[in-house]
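Notes follow once the structure below has been shown.
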Amino acid sequence: MLSCSLAVPFPYRPRGAKLPAQPALRPSAPPSTSVAFLAESISARLSGPDRDVTGIELRDQAIQPGDLFAALPGRHSHGAEYAAAAIERGAVAVLTDEAGVDVLGADPDVPVIVAANPRGVLGNISATIYGEPSERLKVIGVTGTSGKTTTSYLIEAGLTAAGLKPGLIGTIETRIDGHRVPSALTTPEAPQLQALLALMVEQGTDAVVMEVSSHALSLGRVDGTRFEVGAFTNLSQDHMDFHKDFDDYFAAKARLFAKDSTVRAEHAVVCIDDEWGVRMAGVAGDSAVTVSTTTDADWTVENVEIAPGGSQSFDIDAPAGTIHATVRMPGRYNVANALLAVAACAAVGVEPAAAVPGIATVDVPGRVERVDRGQDFLAVVDYAHKPDALEKVITMLRESTVGRVAVVVGAGGDRDAEKRPIMGAVSARLADLLIVTDDNPRSEDPATIRSAIVAGATAEQGRAEIREIGDRAGAIAQAVAWAKPGDVVLVAGKGHEVGQDIGGVKYPFDDREVLADALESRVGK
Ligand SMILES: CC(=O)N[C@H]1[C@@H](OP(=O)(O)OP(=O)(O)OC[C@H]2O[C@@H](n3ccc(=O)[nH]c3=O)[C@H](O)[C@@H]2O)O[C@H](CO)[C@@H](O)[C@@H]1O[C@H](C)C(=O)N[C@@H](C)C(=O)N[C@H](CCC(=O)O)C(=O)O
Ligand SMILES: Nc1ncnc2c1ncn2[C@@H]1O[C@H](COP(=O)(O)OP(=O)(O)OP(=O)(O)O)[C@@H](O)[C@H]1O
């Protein structure tokens with residue numbers, strides 16, 4: 001249930017001030033393209049005179065002089081409502097639909113391209129404006145419910161170790177040539193994505209590994225991108241607010257692999273550890289390369305050994321022979337992520353032996369990240385914010401200790417409400433203490449979100465004692481106070497995030513810092 005504004009005051013004070021907005025990443029000198037040419041390329045009507053454009057944007061606040069403003073119909077408003085502001089900032093043309101023309105009025109100051117479905121042509125138009133950058137890059141798209149970020153980091157490290165100069169685009173950040181910029185979305189909107197790819201070409205990047213979300217595939221954000229490789233991790237419950245049902249969710253992911261898709265990757269590398277992977281390999285066809293840690297596949301693993309610190313070593317049985325590999329991150333699923341990464345590197349011509357030394361060095365921020373302040377128990381921050389990921393990380397931590405396990409977790413507002421009780425049930429079944437707290441409530445009443453998690457946890461009648469503490473810092477402090485030597489405290493759901501979205505405003509909040517503060521106060525006692 002969504003509420004437009006916060007119905008109740010927050011029971012705690014947000015920490016600090018609003019976070020700053022993300023900077024724009026653009027190539028320095030894109031060539032200019034004529035508006036008439038663009039209209040013709042998508043068989044759309046052009047009203048008004050021809051002009052040259054040098055960029056494209058769909059948020060009026062991000063317009064740069066010379067841009068085409070894509071005024072799209074949205075859930076909250078029509079982009080055409082912001083056209084005047086965009087033109088004020090320097091937009092020289094507008095792309096919109098008939099409804100947008102009505103909003104613009106009879107005589108806008110700039111030429112207007114009128115398309116029946118402007119979102120549907122945005123990817124191709126953006127790619128044209130920025131000179132089809134993906135044609136000059138080896139683009140590897142990673143999709144699936146869990147493991148996209150981790151696998152992308154592993155692939156990036158494998159490519160780097162092999163002497164390539166890769167860029168990375170994903171949930172945490174964009175990385176180009178050693179520079180890092182935090183991300184707003186897992187997969188950027190098409191104008192930002194094509195600008196980024198063009199910037200990467202300009203910087204001499206030769207390969208790009210990018211996370212491809214199901215939203216991106218459904219909304220056409222990656223249209224106009226040529227993928228050399230598509231890699232699939234797995235599929236489980238998520239985004240049921242956006243997709244009609246599981247088949248619809250699967251169909252969105254399948255756009256990266258299906259024969260009739262305009263964004264079909266040239267090579268498919270598919271993890272078949274779950275039944276959805278088996279289905280996806282079928283969609284991709286006979287040329288798909290399969291990998292698995294659990295069943296027969298083109299690439300498999302054996303002799304997995306876990307070192308005391310949690311890192312894992314294993315042998316990869318690849319078509320060209322056996323190779324020894326290691327991954328620092330614990331959990332069987334990280335062996336699957338590493339295996340998929342080595343196979344994806346191979347799909348762009350990198351020898352497994354060249355990739356594995358890079359893969360062995362990777363830690364991903366906020367993924368099973370330990371916070372150590374000299375305490376006598378294990379304290380971990382993890383991004384698990386979906387039922388399957390939460391189940392996997394709690395199970396892994398349970399198996400790594402003889403002590404008890406505390407889980408501090410919430411769920412995001414304005415997102416898949418169906419998963420909330422399942423997150424509660426999973427935690428109540430597997431943990432000894434469950435503290436239900438706030439994640440990013442966004443526009444929702446945080447108490448409503450917590451109640452749904454608590455309801456699922458209570459109905460499960462699991463082993464965990466259940467507590468509800470909205471204040472995330474207070475919840476973390478309670479878990480730390482509860483822990484005895486040998487126990488584990490898992491703070492789940494926000495991982496690398498440095499902000500908490502409360503009522504649409506992002507306030508600084510970093511689980512790792514808050515956990516470290518709580519540990520220091522306890523150790524200092
Ligand atoms: C469902 C979804 O993806 N919605 C995206 C969509 O929103 P919308 O169509 O409802 O747009 P709207 O807010 O009504 O605005 C209409 C138009 O006016 C423009 N506008 C709006 C306000 C303004 O001040 N100025 C302005 O120009 C907007 O840019 C837009 O073109 O277009 C907006 C503009 O780009 C996006 O910001 C918005 O993503 C929202 C923020 C979002 O949270 N998306 C998430 C769910 C998402 O995409 N997640 C995936 C998956 C992550 C995962 O795997 O967990 C991701 O790839 O990140
Ligand atoms: N292969 C996997 N299978 C199941 N769970 C995984 C896997 N890899 C990682 N996880 C779990 O999921 C969490 C998120 O991992 P990661 O960020 O790599 O996935 P993601 O697909 O990028 O997630 P998101 O879509 O939320 O950004 C991890 O912290 C871990 O708990």
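Just follow the structure's listing: the first ligand is 1, and inside any ligand the first atom is 1. By convention here, the first residue in the shown sequence is residue 1. What you see below is based on every heavy atom in this structure, not just the backbone, and it leaves out hydrogens, waters and symmetry mates.
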With only distance considered, is N334 within less than 3.5 Å of ligand 2 through an N or O on each side?
-> no

Evaluate the ring planes of Y383 and H385, with Trp represented by its six-membered ring, and classify them as parallel (under 30°), tilted (30 to 60°) or perpendicular (over 60°).
-> tilted

Options T143, T171, T186, L122, ranked by nearest heavy atom to atom 58 (O) of ligand 1, top entry = T186

What atoms of ligand 2 come within less than 4.0 Å of a heavy atom belonging to A384?
-> 29 (O), 31 (O)

Which distance, rounded to the nearest 0.5 Å, do you find between the CD of E369 and the CG of D511?
-> 10.0 Å

With heavy atoms of L72 as the reference, note each atom of ligand 1 found under 4.0 Å away.
-> 16 (C), 17 (C), 31 (O)

Under 4.0 angstrom from ligand 2, any heavy atom of I172?
-> no

Are R512 and D510 ion-paired here, with the side-chain N under 4.0 Å from a carboxylate O?
-> yes

Of all the atoms in ligand 2, which lie at a distance below 4.0 Å from a heavy atom belonging to E211?
-> 22 (O)

Within a strict 4.5 Å, meaning less than it, do heavy atoms of the F69 and V110 side chains meet?
-> no

Side chain to side chain contact (heavy atoms under 4.5 Å, CB included) with V142: which of V269, V212, I155?
-> I155

Side-chain donor-acceptor contact under 3.5 Å, T186 with T171 | yes

Are S77 and ligand 1 in contact, using a heavy-atom cut-off of under 4.0 Å?
-> yes

Would you mind finding which of L185, N234, D388 brings a heavy atom closest to atom 3 (N) of ligand 2?
-> N234

Subset of ligand 1 atoms that lie under 4.0 Å from at least one heavy atom of L58 | 19 (C), 27 (O), 28 (C), 29 (O), 31 (O), 35 (O)

Non-hydrogen atom of R415 closer than 4.0 Å to ligand 1 = yes

Flag the pair D223 / L122 as yes when at least one side-chain heavy-atom distance between them is below 4.5 Å, and no otherwise.
-> no

Charged tip of R264 within 45° of F227 ring normal and under 6.0 Å = no

Between W276 and F250, what is the ring plane arrangement, given parallel below 30°, perpendicular above 60°, and tilted in between?
-> tilted

N/O to N/O below 3.5 Å, does that happen between H78 and ligand 1?
-> no

Enumerate the atoms of ligand 2 whose separation from the nearest heavy atom of D382 is less than 4.0 angstrom.
-> 28 (C), 29 (O), 30 (C), 31 (O)

Polar contact flag, side-chain donor to acceptor under 3.5 angstrom, N234-T145 | no

V393 N/O under 3.5 Å from ligand 2 N/O = no

Is a side-chain donor-acceptor pair under 3.5 Å present for Q500 with D439?
-> no

Backbone, side chain, both or neither: what part of N337 comes under 4.0 angstrom of ligand 2, heavy atoms only?
-> side chain

Quick note on ligand 1: atoms under 4.0 Å from a heavy atom of G79 include exactly 17 (C), 18 (O)

Option with minimal heavy-atom separation from atom 8 (P) of ligand 1, where the choices are R59, K386, R75 | R75

In terms of its nearest heavy atom to atom 27 (O) of ligand 2, the top option of T143, I394, T171, T233 is T171

Of the choices I63, L185, L219, which has the non-hydrogen atom that lies closest to atom 44 (N) of ligand 1?
-> L185

Gap separating the OG1 atom of T448 from the CD1 atom of I453, nearest 0.5 angstrom = 11.0 Å

Atoms in ligand 2 with a heavy atom of K386 nearer than 4.0 Å | 23 (O), 24 (P), 25 (O), 26 (O)

Decide, yes or no, whether a salt bridge links K386 with D416 under the criterion of side-chain N to carboxylate O below 4.0 Å.
-> no

Between K494 and N440, does any side-chain donor sit less than 3.5 Å from a side-chain acceptor?
-> yes

4.0 Å heavy-atom contact, R119 with ligand 1 | yes

Is there at least one pair of N or O atoms, one from T186 and one from ligand 2, spaced under 3.5 Å apart?
-> no

From H385, K392, M396 - option closest to atom 26 (O) of ligand 2 by heavy atom = H385

Min over E57, R221, E189 of heavy-atom distance to atom 3 (O) of ligand 1 lands on R221

